[in-house]
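Report on one structure; see the data block that follows.
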Amino acid sequence: MLGYYMRLALKSFSRNPGITALMVLAIALGIAVCVMTLTVYHAMSGNPIWWKNDRLYAVTMDNWDPKQPYSKLSPTLPPPEMTYKDARALYRSDIPERKVVTYATDGVISGVGAVPSAHVRSRVTTADFFAMFEVPFLYGNAWNRNADDPAQPVIVLSRQENDKLFGGANSVGRTLRWNDHEFRVVGVIADWFPRPRFYDLNGGNFDPAEDAFLPYGWGAALELLNNEETDCWAPEKIDTFKDFMASDCIWQQMWVELPDRSSRERMQAYMDGYWAEQRKGGRFQRPRDNRLTNVANWLRDNRVVDTDNRVLVGLAFAFLAVCLINTVGLLLAKFLNGASITGVRRALGASRRQVFMQHLIEVGALSVLGAVLGLALATLGLAAVHHLYAAAHLNRPGGYQELTHFDSVGVLWAVILALVATLAAGLYPAWRVGRLPPAIYLKSQ
């Protein structure tokens, strides 16, 4: 019977090709807009390391101006970065399984054959960065903690930078010059594009990861400034880099890996104890607000997905609703236009239920065609957006263009929703045509 209904649906399509094409296009446009919007939204709002959400914690302490909060938009939250001296003090704790202090900086790589010197986005970090955030390696490994301080001349490159400098070959053991200092390559990272860049939201939520990573001790040794946002509030005299490190300016990120509740409680107590000592010395004049924030809450607190993105999702579904409402009208007109044929079928013994099922199968075929065309349009749309972002970033992998790849979960839900919505939209036209009295149309034949 299903095959018979499908043949009737195909004949119906051929009798009204214009209306059929219009309905398929309406459904396809609604699905395409929803798939594109949901794909980008899901990529932006996702937790890129969700499997460690109950282990990874951003460390923050409120050392800000006692007269006003750090952010007027989020007055109950402490600053998202830390001072150098506070990060170093908390880093001495042996409670965390892993601990990271890090910040972004700039550098120039030279001394590699005929490759010209070039600026490279760099990150100064402690050794646990790679294991804590599960950074994949193509060649070699990270340095060990002994290389952090005093800093050893070792460096980890991204795959893209390694391709540029060494043609993609295994460069472990090779040397290069970074800011006119010689470093030995110990590792090359495989493709790694965390979306959002949760470990440092200071310079851009969806910026690509850095191309060069250096041991943390080089920050002080080479007086490397943070190339992202640095905030200060106290009227301090800062004439040298040492003055800057001793100031209350915030510019470093700190993360810890705490595997269980006991370790979290002990780390919280350690932070509170340090805060109390500093408060006695005249610092931390605001109410105590020392936090260990997991990744999901960290992304939420920092408003990684803003209101505009949620509004766009709502508008996309509103557009789909408009498309489906128009489809209902077209379906009703189409079914009523073929009511004479339906009347003949009813006179020959077809029940209302069979007429209803026949037209519902036709609606299902339309929804499948619309879904297929919608996915094709969404693919073209995402490819166009990806191309625009890639051109803006000189075809460098990572960044916003990585948000425009198909997300299987988002696509699946969007297509299921569209199919169900289209079938629901076809219920009334299918029911309506089945309720028509056949005698009227038999007399007219």
Next on the checklist: Between Asn297 and Thr293, is there a side-chain donor-acceptor contact under 3.5 Å, judged purely by atom types and distance?
Outcome noted: no
Next on the checklist: Does Val188 form a side chain to side chain contact (heavy atoms under 4.5 Å, CB included) with Phe137? I'd like the steps, not just the answer.
Outcome noted: CA-CA 6 Å; Val188 175; Phe137 274 84; 5.8 Å; no
Next on the checklist: Between Trp192 and Phe130, is there a side-chain heavy-atom distance shorter than 4.5 Å?
Outcome noted: no
Checklist entry - Can you name the residues that form a ring-ring contact (aromatic ring centres under 6.0 Å, His included) with Tyr216, not counting sequence neighbours? => result none
Checklist entry - Does the side chain to side chain contact (heavy atoms under 4.5 Å, CB included) test come out yes or no for Phe129 and Val135, once each step is laid out? => result CA-CA 8 Å; Phe129 179 93; Val135 181; 4.1 Å; yes
Item to check | Within residues 135-145 or reaching into it, pairs that qualify as side chain to side chain donor-acceptor pair (under 3.5 Å) - sequence neighbours excluded | outcome: Asp128-Arg145, Trp143-Asp148
Checklist entry - Within the side chain of Gln252, is there an N or O that forms a donor-acceptor pair under 3.5 Å with the backbone of Asn226? => result no
Checklist entry - Can Asp149 and Arg88 be counted as an ion pair, charged N to O under 4.0 angstrom? => result yes
Checklist entry - Does the distance from a Lys or Arg side-chain N to an Asp or Glu carboxylate O, for Lys237 and Asp239, drop under 4.0 Å? => result yes
Item to check | Donor-acceptor contact present, side-chain Asn162 to main-chain Leu157, <3.5 Å | outcome: no
Checklist entry - Checking Asp243 side chain against Thr240 main chain: does a donor-acceptor pair fall under 3.5 Å? => result yes
Checklist outcome for this item: dist Leu214:CG -> Gln152:CD (nearest 0.5 Å) comes out at 12.5 Å
Checklist entry - Going by heavy atoms in the side chains, are Leu222 and His181 under 4.5 Å from each other? => result yes
Next on the checklist: Measuring from atom CG of Leu292 to atom CD of Glu265, what distance do you get when rounded to the nearest 0.5 angstrom?
Outcome noted: 11.0 Å
Checklist entry - Does the pair Val186 and Val156 meet the rule for a side chain to side chain contact (heavy atoms under 4.5 Å, CB included), with working shown? => result CA-CA 6 Å; Val186 294; Val156 169; 3.8 Å; yes
Next on the checklist: Determine whether Met271 and Met267 satisfy the following criterion, side chain to side chain contact (heavy atoms under 4.5 Å, CB included), listing intermediate values before the conclusion.
Outcome noted: CA-CA 6 Å; Met271 295 169 62; Met267 187 65 195; 4.3 Å; yes
Item to check | Any Met82 side-chain heavy atom under 4.5 Å of Val59 side chain | outcome: yes
Next on the checklist: Could you report the tightest heavy-atom contact between Pro287 and Trp275, atom names first, then the distance?
Outcome noted: C-CZ2, 4.4 Å
Next on the checklist: Considering only residues two or more places apart or on different chains, which pairs with a residue in residues 244-253 satisfy salt bridge (Lys or Arg N to Asp or Glu O under 4.0 Å)?
Outcome noted: Lys85-Asp248, Asp248-Arg283
Next on the checklist: With a 4.5 Å cut-off on side-chain heavy atoms, are Ile49 and Leu56 touching?
Outcome noted: yes
Item to check | Ser93 side chain to Leu90 backbone, donor-acceptor under 3.5 Å | outcome: no
Checklist entry - Any side-chain donor-acceptor pair under 3.5 Å between Thr102 and Arg123? => result yes
Checklist entry - Which atom pair, heavy atoms only, marks the closest approach of Arg286 to Trp64? => result CD-O, 3.4 Å
Next on the checklist: Counting neighbours of CH2 on Trp51 that are heavy atoms of other residues, nucleotides or ligands and sit closer than 6.0 Å, is the number greater than 12?
Outcome noted: yes
Checklist outcome for this item: Across all chains, not counting sequence neighbours, the salt bridge (Lys or Arg N to Asp or Glu O under 4.0 Å) partners of Arg55 are Glu97, Glu257
Item to check | Heavy-atom pair of closest approach, residues Val100 and Tyr91 | outcome: N-CE1, 4.4 Å
Checklist entry - Charged N to carboxylate O under 4.0 angstrom, Arg291 versus Asp289? => result yes
Checklist entry - Is there a donor-acceptor contact under 3.5 Å from the side chain of Thr83 to the main chain of Asp86? => result yes
Next on the checklist: For Tyr270, give me all partners under side chain to side chain donor-acceptor pair (under 3.5 Å), at least two apart in sequence or on another chain.
Outcome noted: none
Next on the checklist: The criterion is salt bridge (Lys or Arg N to Asp or Glu O under 4.0 Å); which residues satisfy it with Arg174, sequence neighbours excluded?
Outcome noted: none
Checklist entry - Got a salt bridge between Asp191 and Arg159, using NZ or NE/NH1/NH2 to carboxylate O under 4.0 Å? => result yes
Checklist outcome for this item: Paired with Tyr70, the side chain to side chain donor-acceptor pair (under 3.5 Å) test is passed by just one of Asn63, Asp65, Asp231, namely Asp231
Item to check | Test: Glu161 and Lys164 ion pair at under 4.0 Å | outcome: yes
Item to check | For Trp178, all residues meeting side chain to side chain donor-acceptor pair (under 3.5 Å), sequence neighbours excluded | outcome: Ser122
Checklist entry - What's the spacing between Leu375 CG and Leu380 CG if we round to 0.5 Å? => result 11.0 Å
Checklist entry - Are any of the side-chain heavy atoms of Ser117 and Arg177 separated by less than 4.5 Å? => result no
Checklist entry - Are side-chain heavy atoms of Thr126 and Lys99 found at a separation under 4.5 Å? => result no
Checklist entry - Do Leu138 and Ile189 have side chains that get closer than 4.5 Å, going by heavy atoms? => result no
Item to check | side chain to side chain donor-acceptor pair (under 3.5 Å) partners for Arg288, two or more places apart | outcome: none
Item to check | Over all atoms of both residues, closest heavy-atom pair of Asp207 and Arg197 | outcome: O-CD, 3.5 Å
Item to check | Those residues that, when tested against Tyr103, pass ring-ring contact (aromatic ring centres under 6.0 Å, His included) (two or more places apart) | outcome: Trp251
Next on the checklist: So, taking the atom named OG in Ser110 and the one named CD in Glu182, what distance separates them when rounded to the nearest 0.5 Å?
Outcome noted: 10.0 Å
Checklist entry - Does Phe198 have its ring centroid less than 6.0 Å away from the ring centroid of Phe133? => result yes
Checklist entry - Is Arg184 reaching over with its side chain to a backbone N or O of Val172, donor-acceptor style, under 3.5 angstrom? => result no
Checklist entry - Can you name the nearest heavy-atom pair linking Pro215 to Ala147, along with the distance? => result CB-O, 3.3 Å
Next on the checklist: Would you call the rings of Trp255 and Trp298 parallel, tilted or perpendicular, taking 30° and 60° as the class edges?
Outcome noted: perpendicular
Checklist entry - Does one side chain, of Asn47 or Asn53, offer a donor that lies under 3.5 Å from an acceptor on the other? => result yes
Checklist entry - Can you list every disulfide bond (SG atoms under 2.5 Å apart) pair that touches residues 174-242, not counting sequence neighbours? => result Cys232-Cys249
Next on the checklist: Could you check whether any side-chain heavy atom of Leu176 comes within less than 4.5 Å of a side-chain heavy atom of Val185, counting everything from C-beta outward?
Outcome noted: yes
Checklist entry - Which residues pass the ring-ring contact (aromatic ring centres under 6.0 Å, His included) test with Tyr274, sequence neighbours left out? => result none
Next on the checklist: Can you give me the closest heavy-atom contact between Glu210 and Ser158, atom names plus distance?
Outcome noted: O-CB, 3.9 Å
Next on the checklist: My understanding is that only residues two or more places apart in sequence, or in another chain, count here; which of them pass side chain to side chain donor-acceptor pair (under 3.5 Å) with Gln285?
Outcome noted: none
Checklist outcome for this item: d(Asp106 CG, Leu225 CG) to nearest 0.5 Å is 9.5 Å
